Chemist: 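Okay, here's the structure, questions in a sec.
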Amino acid sequence: MSTVSSVPTHGNYHGYYSKRPFRNDERLLSLPSGLFKGARVLDIGCNEGWVTCEIAQSYGAHLVVGVDIDESLITNAWRRRRAVWSCQAPTYPRTSNEEDDLTSGDSKPRKRRKLQDEGSSQVNDTQPIRHYFPASCEHEFGSLPIPPSSNRGKNVFPHNVSFRTADWMRTDIPEDSEGYNVVIAFSISKWIHLNEGDEGLKLFFRRVYAVLKPGGSFVLEPQPWESYAKAKRMNQKLKENGKNLVIRPSDFEAILREIGFGHPQHFGTVGEGGFSRPIDLYIKV
């Protein structure tokens, strides 16, 4: 594995989400409801795993894999998983009385109504209260232990999320072999483009197409061309590569359709200031 420079020439910013903090990522909220439900998801350029963990915890994903070229970011992503788990509300096993309520047609069993009113359990079977414990508890007392997957199920958070260090452009990861229902590329296209050139960007798009299952979704948050200028100043390689780029972000749709994706769904511009970027979804046909 190649050594990653301390300069974030791959967009591998440390503390990125201290500049872009969120409780519920608005990019995810902009996407169709149910997109991640039961899905195998790949988050490319996952950074410290904030989005990866949110999808795994709150959107009912079967499996979410975050991959990043920077090993130290992946180390922090594993820590993020533990921290998110430590803030989640405790869950309660369903009692026989609750089962009776369910079979009697009561849409909200008495036990579950009481626990929800107290803020002490899951809002529903798939949506836990994520910020039940304040982050200060985890900082002061340490992370809560993660129970065995045999207790909760391997496709339930936190067991349904994992992270890998890899240059995914050039290196397969084991999960690729089974394919994905959703691939996410948030704020990464510019860095691939500047590091790998026009042909490298096309290769990336073809790689995404190859690992998606038929009918799978590619979620792309392309950075605007104007933002390339600042990035090119990071080092000489990016500067030289930038001079030779012919493709512009406005060309991405045509390239992706040529590869085999259908017409994109555009969900408008999401975010504020320098983080205001379009969110597009392409379906593999």
Side-chain angles (χ1 to χ4, degrees), residues 11-68 70 73-91 119 121-135 137-139 143-144 146 149 152-164 175 180-188 216-221 267 270-272 275-277 279-281:
N12 50 316
Y13 291 100
H14 289 246
Y16 176 78
Y17 284 104
S18 65
K19 301 177 181 135
R20 189 175 187 163
F22 63 84
R23 287 176 72 89
N24 299 287
D25 193 288
E26 55 193 353
R27 296 170 295 182
L28 298 178
L29 292 172
S30 72
L31 295 168
S33 175
L35 177 66
F36 302 107
K37 181 71 174 177
R40 289 175 55 85
V41 183
L42 176 65
D43 181 11
I44 302 170
C46 68
N47 198 269
E48 293 175 335
W50 284 49
V51 167
T52 326
C53 286
E54 184 175 356
I55 294 170
Q57 184 187 41
S58 301
Y59 287 86
H62 180 80
L63 173 72
V64 190
V65 182
V67 62
D68 201 283
D70 190 323
L73 289 178
I74 292 299
T75 298
N76 290 340
W78 284 110
R79 292 193 186 115
R80 174 69 183 171
R81 171 182 178 258
R82 190 76 172 259
V84 171
W85 163 252
S86 298
C87 292
Q88 178 174 305
T91 56
S121 82
Q122 292 180 302
V123 175
N124 57 49
D125 288 335
T126 60
Q127 177 68 50
I129 296 175
R130 297 166 51 211
H131 304 286
Y132 179 77
F133 294 108
C137 288
E138 196 256 348
H139 294 319
S143 301
L144 291 176
I146 293 176
S149 60
R152 292 179 51 78
K154 66 179 182 179
N155 301 121
V156 178
F157 185 79
H159 302 292
N160 63 342
V161 61
S162 63
F163 299 96
R164 292 192 179 275
E175 293 81 2
Y180 305 96
N181 304 103
V182 184
V183 172
I184 297 173
F186 280 159
S187 298
I188 194 68
S217 300
F218 177 37
V219 181
L220 178 64
E221 180 192 22
F267 295 97
V270 177
E272 299 179 358
F275 297 114
S276 179
R277 296 163 189 161
I279 302 296
D280 302 323
L281 186 152

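The model shown is predicted, which means the values in this text are computed figures rather than measured ones.
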Chemist: Quick one: pull up CG in Leu281 and CZ in Phe218 and give me the separation to the nearest 0.5 Å.
Modeler: 9.5 Å
Chemist: Just to verify, what does Arg164 make a salt bridge (charged side-chain N to carboxylate O under 4.0 Å, His left out) with, not counting sequence neighbours?
Modeler: Glu175
Chemist: Keeping Asn160 on the side-chain end and Ala56 on the backbone end, is there a donor-acceptor pair under 3.5 Å?
Modeler: yes
Chemist: Yes or no on side chain to side chain contact (heavy atoms under 4.5 Å, CB included) for Asn181 and Phe36, after CA distance, side-chain angles and deciding distance?
Modeler: CA-CA 8 Å; Asn181 304 103; Phe36 302 107; over 6 Å; no
Chemist: Can you name the nearest heavy-atom pair linking Ala135 to Cys87, along with the distance?
Modeler: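 Closest pair (atom of Ala135, atom of Cys87, distance): CA-SG, 4.0 Å.
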Chemist: Can you tell me how far apart CD (Glu221) and CZ (Phe275) are? Round to the nearest 0.5 Å.
Modeler: 9.5 Å
Chemist: Decide yes or no for Leu73 and Tyr13: does some side-chain heavy atom of the first lie under 4.5 Å from some side-chain heavy atom of the second?
Modeler: no
Chemist: Partners of Asp280 by salt bridge (charged side-chain N to carboxylate O under 4.0 Å, His left out), sequence neighbours excluded?
Modeler: none
Chemist: Identify the heavy atoms of Val84 and Cys53 that sit nearest to each other, and give their distance.
Modeler: CG2-CB, 4.3 Å
Chemist: Do the side chain of Glu26 and the main chain of Val270 share a donor and acceptor less than 3.5 angstrom apart?
Modeler: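 Not at all, since once roles are kept as given, no pair shorter than 3.5 Å links the two residues.
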Chemist: In Å, rounded to the nearest 0.5 Å, how long is the span from OG of Ser187 to CD1 of Ile44?
Modeler: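 Reported value, rounded in 0.5 Å steps: 13.0 Å.
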Chemist: When you measure from the side chain of Arg81 to the backbone N and O of Pro158, does any donor-acceptor pair fall under 3.5 Å?
Modeler: yes
Chemist: What pair of heavy atoms forms the shortest contact from Val161 to Thr52, and how long is it?
Modeler: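 In terms of heavy atoms, the two residues are closest at CG2-CG2, 3.8 Å.
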Chemist: Is any side-chain heavy atom of Asn24 less than 4.5 Å from a side-chain heavy atom of Leu29?
Modeler: yes
Chemist: Run the numbers on Phe186 and Leu28 for side chain to side chain contact (heavy atoms under 4.5 Å, CB included), then give the verdict.
Modeler: CA-CA 10 Å; Phe186 280 159; Leu28 298 178; 4.0 Å; yes
Chemist: Just do the side chain to side chain contact (heavy atoms under 4.5 Å, CB included) check on Tyr16 and Glu48 with the steps written out, would you?
Modeler: CA-CA 8 Å; Tyr16 176 78; Glu48 293 175 335; 5.9 Å; no
Chemist: Please name all residues satisfying salt bridge (charged side-chain N to carboxylate O under 4.0 Å, His left out) with Glu138, sequence neighbours left out, ordered by chain then number.
Modeler: none
Chemist: Minimum heavy-atom separation for Val182 to Leu35, with atom names?
Modeler: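 Where Val182 meets Leu35 most closely, the heavy atoms are CG2-O, 3.7 Å.
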Chemist: Check ring pair (Phe, Tyr, Trp, His ring centres under 6.0 Å) between Phe157 and all other residues, then give those that pass, not counting sequence neighbours.
Modeler: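 Expected list: none.
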Chemist: To check you understand the geometry: which heavy-atom pair defines the closest contact between Ile74 and Cys46, and what is its length?
Modeler: CD1-SG, 3.7 Å
Chemist: Check salt bridge (charged side-chain N to carboxylate O under 4.0 Å, His left out) between Arg277 and all other residues, then give those that pass, not counting sequence neighbours.
Modeler: none
Chemist: Applying side chain to side chain contact (heavy atoms under 4.5 Å, CB included), run through Asp43 and Val51 and close with a yes or a no.
Modeler: CA-CA 8 Å; Asp43 181 11; Val51 167; 4.1 Å; yes
Chemist: How long is the span from the NZ atom in Lys37 to the OH atom in Tyr59, to the nearest 0.5 Å?
Modeler: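 Nearest 0.5 Å value for the NZ-OH distance: 13.0 Å.
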Chemist: What pair of heavy atoms forms the shortest contact from Ser30 to Ile279, and how long is it?
Modeler: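 Closest pair (atom of Ser30, atom of Ile279, distance): OG-CG2, 4.0 Å.
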Chemist: Could you verify whether a donor N or O on one side chain and an acceptor N or O on the other, from Asp70 and His14, lie under 3.5 Å apart?
Modeler: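 Side chains of Asp70 and His14: pair found under 3.5 Å.
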Chemist: Distance check, rounded to the nearest 0.5 Å: His159 atom NE2 versus Arg152 atom CZ?
Modeler: 6.5 Å
Chemist: Of all residues at least two apart in sequence or in a different chain, which pass the ring pair (Phe, Tyr, Trp, His ring centres under 6.0 Å) check with Phe163?
Modeler: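 Partners of Phe163 by the ring pair (Phe, Tyr, Trp, His ring centres under 6.0 Å) criterion, ordered by chain and then number, come out as Trp78.
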Chemist: CG/Leu42 to CD1/Ile184 distance, rounded to the nearest 0.5 angstrom?
Modeler: 8.5 Å
Chemist: Okay, side chain of Ser86, backbone of Leu144: is any donor-acceptor separation there less than 3.5 Å?
Modeler: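 Between the backbone of Leu144 and the side chain of Ser86 there is a qualifying donor-acceptor contact (under 3.5 Å).
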